[in-house]
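By convention in this document, chain letters (A, B, ...) are assigned in the order of the sequence lines, proteins followed by strands, and residues within each chain are numbered from 1.
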Amino acid sequence: MSDGRRLPRSFYRRPTLVVARELLGKRLVHVDRGRRLSGWIMEAEAYIGQEDLGCHARVGRTERNRSMWGEPGHAYVYFTYGMHWCLNVVTEVAGRPAAVLLRALAPAEGIATMRRRRALRLRSPSARSAQGSRLSARSDERLADGPAKLCQALGIDGRLDGHDLCRAGARLFIEDAQAVPRRAIVRGPRVGLDGVPEPWKSKPWRFWADVTNRVS
DNA sequence: GTAAGGATGCGCT
DNA sequence: GCGCATCCTTACG
């Protein structure tokens, strides 16, 4: 087993669907003020090239989506809905805009920090204190189960756009971990592309780890 | 437990 | 100006 080894650039320099599927079970790490915040990747979506009308790159190269055109193994972090950051990892080769959106993590390290960060985002003071002081493992599972939530929990924002995940000393990177068994991986259409024309809207380019054995 | 609607600001036409 | 790769709160059962 190779737990703890940082994924090399060659991992990302492959077809985006392969990278998206193989990212499941890997560990995303943000070293924040010297402390590791991390979680296992549970859900990911592929966005593949200018021809993919669900991909930000469909409009051509712009200041916002510039990172997607760069070398694989870099972060593409964008801002949306007036308040949320989302994290992608760039794939394939420089010059071809393709990336994998990380949509959900199972929290691993730094859970107390994640709780605090997420609680600060909540609107009502009563919800804040209730959520912030809750210690249930059940609610901790949900700390990073959305693309904007995982960025909030790990403290990822636009300052990390373009960050090289493969460079020695990187503060944001992905570590190898035991692969999710093929039969436990589910795929389906990507989320939030209601206005996108077919066939792109229905491409089954979303992958997630099936967790039907969850204790209830 | 699910469903509906508001928040919020930047990128792009 | 419009629309967005979203999340949270409230209401209802």
Query - Watson-Crick or G-U stems of DNA chain B, 3 or more pairs, under 3.5 Å, by first number - result: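 Output for stems: B:1-7 with C:6-12, B:9-12 with C:1-4.
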Query raised in the report: With no hydrogens and no angle check, is any side-chain donor or acceptor of A:R190 less than 3.5 Å from a backbone partner on A:W200?
Result: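 Looks like yes, one N/O pair under 3.5 Å.
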Query raised in the report: A:K149 side chain to A:R142 main-chain N or O, any donor-acceptor pair under 3.5 Å?
Result: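 Yes, because the side chain of A:K149 sits within donor-acceptor range (under 3.5 Å) of the backbone of A:R142.
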Query raised in the report: Between A:L150 and A:T80, who's closer to the 5' end of DNA chain C by nearest nucleotide?
Result: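 Final value for this comparison: A:T80.
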Expressed in angstrom and rounded to an integer, what is the separation of [X] atom [atom1] from [N] atom [atom2]?
| X | N | atom1 | atom2 | answer |
| --- | --- | --- | --- | --- |
| A:Y47 | C:dA5 | OH | P | 7 Å |
| A:E43 | C:dC7 | CD | P | 10 Å |
| A:L53 | C:dC4 | CG | P | 13 Å |
| A:R58 | C:dA5 | CZ | P | 6 Å |
| A:W85 | C:dC4 | CH2 | C1' | 15 Å |
| A:L143 | C:dC8 | CG | C1' | 15 Å |
| A:M83 | C:dA5 | CE | P | 14 Å |
| A:Q152 | C:dC8 | CD | C1' | 12 Å |

Query - salt bridge (Lys or Arg N to Asp or Glu O under 4.0 Å) partners of A:E71, counting only residues at least two apart - result: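 Checked A:E71 against salt bridge (Lys or Arg N to Asp or Glu O under 4.0 Å); zero matches.
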Query raised in the report: Hey, which of A:R103, A:K203, A:R187 is the one that makes salt bridge (charged side-chain N to carboxylate O under 4.0 Å, His left out) with A:E45?
Result: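 Result: among A:R103, A:K203, A:R187, A:R103 is the only option passing the salt bridge (charged side-chain N to carboxylate O under 4.0 Å, His left out) with A:E45.
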Report task. Please state whether the base of B:dA7 and the side chain of A:Y81 form at least one donor-acceptor pair under 3.5 Å? Result ->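 Side chain to base: no pair present.
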Query - Qualifying ring pair (Phe, Tyr, Trp, His ring centres under 6.0 Å) pairs, either residue in residues 78-107 of chain A, two or more places apart - result: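 Every ring pair (Phe, Tyr, Trp, His ring centres under 6.0 Å) pair that includes a residue of residues 78-107 of chain A, provided the two are not neighbours, is A:H56-A:Y78, A:Y76-A:Y78, A:F79-A:W85.
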Report task. Report yes if the side chains of A:D140 and A:M114 come closer than 4.5 Å at any heavy-atom pair, otherwise no. Result ->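 SC-SC contact between A:D140 and A:M114 ruled out.
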Report task. Could you tell me whether the side chain of A:D32 reaches within less than 4.5 Å of the side chain of A:R117, counting heavy atoms only? Result ->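 SC-SC contact between A:R117 and A:D32 confirmed.
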Query raised in the report: Does any residue of residues 96-108 of chain A have a heavy atom under 4.0 Å from DNA chain C, and if so, which ones, in number order?
Result: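 Under 4.0 Å from DNA chain C: A:L101, A:R103.
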Query raised in the report: Nearest of B:dT8, C:dC7, C:dC8 to any side-chain atom of A:H84?
Result: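 For A:H84, the side-chain atoms sit closest to C:dC7.
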Query - A:K149 side chain, from C-beta outward: closest of C:dC7, C:dT6, B:dT8 - result: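 Taking heavy atoms from C-beta onward, the closest nucleotide is C:dC7.
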Report task. Could you tell me whether A:R167 atom CZ has more than 12 heavy atoms of other residues or ligands within 6.0 Å of it? Result ->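 For A:R167, atom CZ is crowded (more than 12 foreign heavy atoms under 6.0 Å).
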Query raised in the report: Who pairs with A:R64 by side chain to side chain donor-acceptor pair (under 3.5 Å), at least two apart in sequence or on another chain?
Result: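 Result, side chain to side chain donor-acceptor pair (under 3.5 Å) vs A:R64: none returned.
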**Report entry** Axial cation check for A:W208 ring with A:R206, 6.0 Å and 45° limits
**Finding:**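 The answer is yes; both the distance and angle limits are met.
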Within the sub-3.5 Å range, which N or O atoms of nucleotides 11-13 of chain B have a protein N or O partner, and how far apart are they?
from: B:dC12; atom 1: OP1; to: A:T62; atom 2: OG1; distance (Å): 2.5

Query raised in the report: Same cluster or not: are A:V186 and A:L17 linked, directly or through other Ile, Leu, Val, Met, Phe, Trp or Tyr residues, by side-chain heavy atoms under 4.5 angstrom apart?
Result: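 Result: no, two separate clusters.
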Requested in this report: Kindly work out whether a path of hydrophobic side-chain contacts (I/L/V/M/F/W/Y, heavy atoms less than 4.5 Å apart) joins A:V19 to A:F173.
Outcome: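 No; A:F173 is not reachable from A:V19 via cluster members.
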